[in-house]
Chemist: 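For reference, the structure I am asking about is given below.
These numbers come from the heavy atoms of this one structure, side chains and all, not from hydrogens, waters or symmetry mates.
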Amino acid sequence: MKRIVMMILRNLIFVPYMWCQLCYHASHVEKYTENEHFKLLKYIVYRANKGGNVRIEAYGEEHIPKENGFMIFPNHQGMYDVLALIATMEQPISVVAKKEVANVPFLKQVFACIHAKSIDREDIRQSMKVILEVSEEVKKGRNYVIFPEGTRSKQGNVLGEFKAGSFKTATKAKCPIVPVALINAFEPFDRNSVKNVTVQVHFLKPIQYEEYKEMKTNEIAILVKKQIQETIKKYEKK
């Protein structure tokens, strides 16, 4: 909370304008292209990071597919994760998020701009509907982020269970899977501190459909978790 307050105070001149712009974009989604929405969000995240003593280090950006229509599967550390990805991506991304955060102020507006999907983990029929919708949109060229843990780990850089069902969208879309290792992404919003913090975003080599088409979703989940876990172990600063 302290860091969020500092972000606002240090951007006090810009906050009213940026908030109005964000709300307008969120209320008039079809008026702007996805690139225009994403450009605004990147600027807001840039100002927030600068005001909040947050530094982003991105690695493996050459692994991001050049053609749209891929899915990103990062570990889930906290509320800052999506902002870290927005800060490091050049292509617009959408997100599949649990319904519990769909109406959180600011996130609600951000999600509207990126065409995010809300999923009800207790409603199997609704979850399957979202999976089918996302897979069709990925086939048409939209890029999506799904957190395979389903909820933040709450253990810092320690990973939770990767749920096999989260990979059904990729198998149906037959798209590249991009594992992403987030390191210290929990610190900006989940720790009550304003000290300088560095968040690492590691884009790992995409797993092409030809590589996983014979695998079961639980096997894909194990593979992706293993790659992310090894990356965190290698680059986490003790």
Chemist: Kindly compute the distance separating CD1 (I72) from OH (Y144), expressed to the nearest 0.5 Å.
Modeler: 13.0 Å
Chemist: In terms of heavy-atom contacts, does CD of E67 have more than 12 from other residues, nucleotides or ligands at under 6.0 Å?
Modeler: no
Chemist: When you measure from the side chain of N35 to the backbone N and O of P92, does any donor-acceptor pair fall under 3.5 Å?
Modeler: no
Chemist: Please check if the number of heavy atoms outside K99 that lie under 6.0 Å from its NZ is greater than 12.
Modeler: no
Chemist: Decide side chain to side chain contact (heavy atoms under 4.5 Å, CB included) for K225 and I222; before the verdict, give the C-alpha distance in whole Å, the side-chain angles of both, and the deciding distance to 0.1 Å.
Modeler: CA-CA 5 Å; K225 180 178 180 178; I222 291 170; 5.9 Å; no
Chemist: So, Y80 versus N184: side-chain donor-acceptor pair below 3.5 Å or not?
Modeler: no
Chemist: So, for H28 and Y32, is the gap between ring centers shorter than 6.0 Å?
Modeler: no
Chemist: Once rounded to the nearest 0.5 Å, what's the spacing between atom CG of N218 and atom CG of L223?
Modeler: 11.5 Å
Chemist: State whether the number of non-hydrogen atoms from other residues, nucleotides or ligands found under 6.0 Å of Y43 atom OH is greater than 12.
Modeler: yes
Chemist: Applying the 4.5 Å side-chain criterion to the ILVMFWY set and letting contacts propagate, would F106 and F186 be lumped into a single cluster?
Modeler: no
Chemist: Report the residue from R142, Q91, H115, K39 that forms a side chain to side chain donor-acceptor pair (under 3.5 Å) with E34.
Modeler: R142
Chemist: Tell me if the NZ atom of K66 is crowded by more than 12 foreign heavy atoms within 6.0 Å.
Modeler: yes
Chemist: Any side-chain heavy-atom pair from I228 and L159 closer than 4.5 angstrom?
Modeler: yes
Chemist: Using the rule that two of Ile, Leu, Val, Met, Phe, Trp, Tyr join whenever any of their side-chain heavy atoms come within less than 4.5 Å, decide whether W19 and F38 are in one cluster.
Modeler: yes
Chemist: Take E230 and K234, measure what salt bridge (Lys or Arg N to Asp or Glu O under 4.0 Å) needs, and give me the verdict at the end.
Modeler: CA-CA 6 Å; E230 289 175 348; K234 182 177 180 179; over 6 Å; no
Chemist: Do T217 side-chain atoms and G165 backbone N/O form a donor-acceptor pair below 3.5 Å?
Modeler: no
Chemist: Report the residues that fulfil ring-ring contact (aromatic ring centres under 6.0 Å, His included) with Y59, sequence neighbours left out, ordered by chain and then residue number.
Modeler: H202
Chemist: Counting C-beta onward and ignoring hydrogens, is there a side-chain heavy-atom pair between V178 and L204 closer than 4.5 Å?
Modeler: no
Chemist: Can you tell me how far the SG atom of C113 sits from the CD1 atom of I86, to the nearest 0.5 Å?
Modeler: 9.0 Å
Chemist: Are Y17 and Y24 linked, directly or through other ILVMFWY residues, by side chains that come within less than 4.5 angstrom of each other?
Modeler: no
Chemist: Go through it in stages, so that I can follow the logic: the residues are L85 and V201, the test is side chain to side chain contact (heavy atoms under 4.5 Å, CB included), and I'd like the CA-CA distance, side-chain angles, deciding distance and then a yes or no.
Modeler: CA-CA 8 Å; L85 291 170; V201 182; 4.2 Å; yes
Chemist: Verify the neighbour count for atom NZ of K2: are there more than 12 heavy atoms of other residues, nucleotides or ligands below 6.0 Å?
Modeler: no
Chemist: Students often mix this up, so state it plainly: with edges at 30° and 60°, are the rings of F167 and F73 parallel, tilted or perpendicular?
Modeler: parallel
Chemist: Can you tell me how far the CG atom of L40 sits from the CG atom of L22, to the nearest 0.5 Å?
Modeler: 6.0 Å
Chemist: About how many Å separate OG1 of T231 and CD of Q227, when rounded to the nearest 0.5 Å?
Modeler: 7.5 Å
Chemist: Do the side chains of V29 and I114 join up, straight or via other hydrophobic residues, at under 4.5 Å, putting them in one cluster?
Modeler: no
Chemist: Would you say that more than 12 heavy atoms from the other residues, nucleotides or ligands in this model lie under 6.0 Å from the NZ of K174, or not?
Modeler: no
Chemist: With rounding to the nearest 0.5 Å, note down the distance linking CD1 in I207 to CE in M215.
Modeler: 7.0 Å
Chemist: For K108, I'd like to know if atom NZ has over 12 heavy atoms of other residues, nucleotides or ligands within 6.0 Å.
Modeler: no
Chemist: Is there side-chain contact between K163 and F147, with heavy atoms separated by less than 4.5 Å?
Modeler: no
Chemist: With salt bridge (Lys or Arg N to Asp or Glu O under 4.0 Å) as the test, would you mind laying out the steps for K117 and E137 before giving the verdict?
Modeler: CA-CA 11 Å; K117 300 281 187 184; E137 290 187 15; 3.2 Å; yes
Chemist: Compare all side-chain heavy atoms of R3 with those of V54 and state whether any distance is below 4.5 angstrom.
Modeler: yes
Chemist: Could you walk me through whether I220 and T171 satisfy the side chain to side chain contact (heavy atoms under 4.5 Å, CB included) test, starting with their C-alpha distance in whole Å, then the side-chain angles of each, then the deciding distance to 0.1 Å, before giving a yes or no?
Modeler: CA-CA 10 Å; I220 300 172; T171 59; 3.8 Å; yes
Chemist: What's the verdict on side chain to side chain contact (heavy atoms under 4.5 Å, CB included) for V199 and I183, showing C-alpha distance, side-chain angles and the deciding distance?
Modeler: CA-CA 6 Å; V199 175; I183 301 177; over 6 Å; no
Chemist: Would you say Q77 and N157 are linked by a side-chain donor-acceptor pair, where the criterion is simply a distance under 3.5 Å?
Modeler: yes
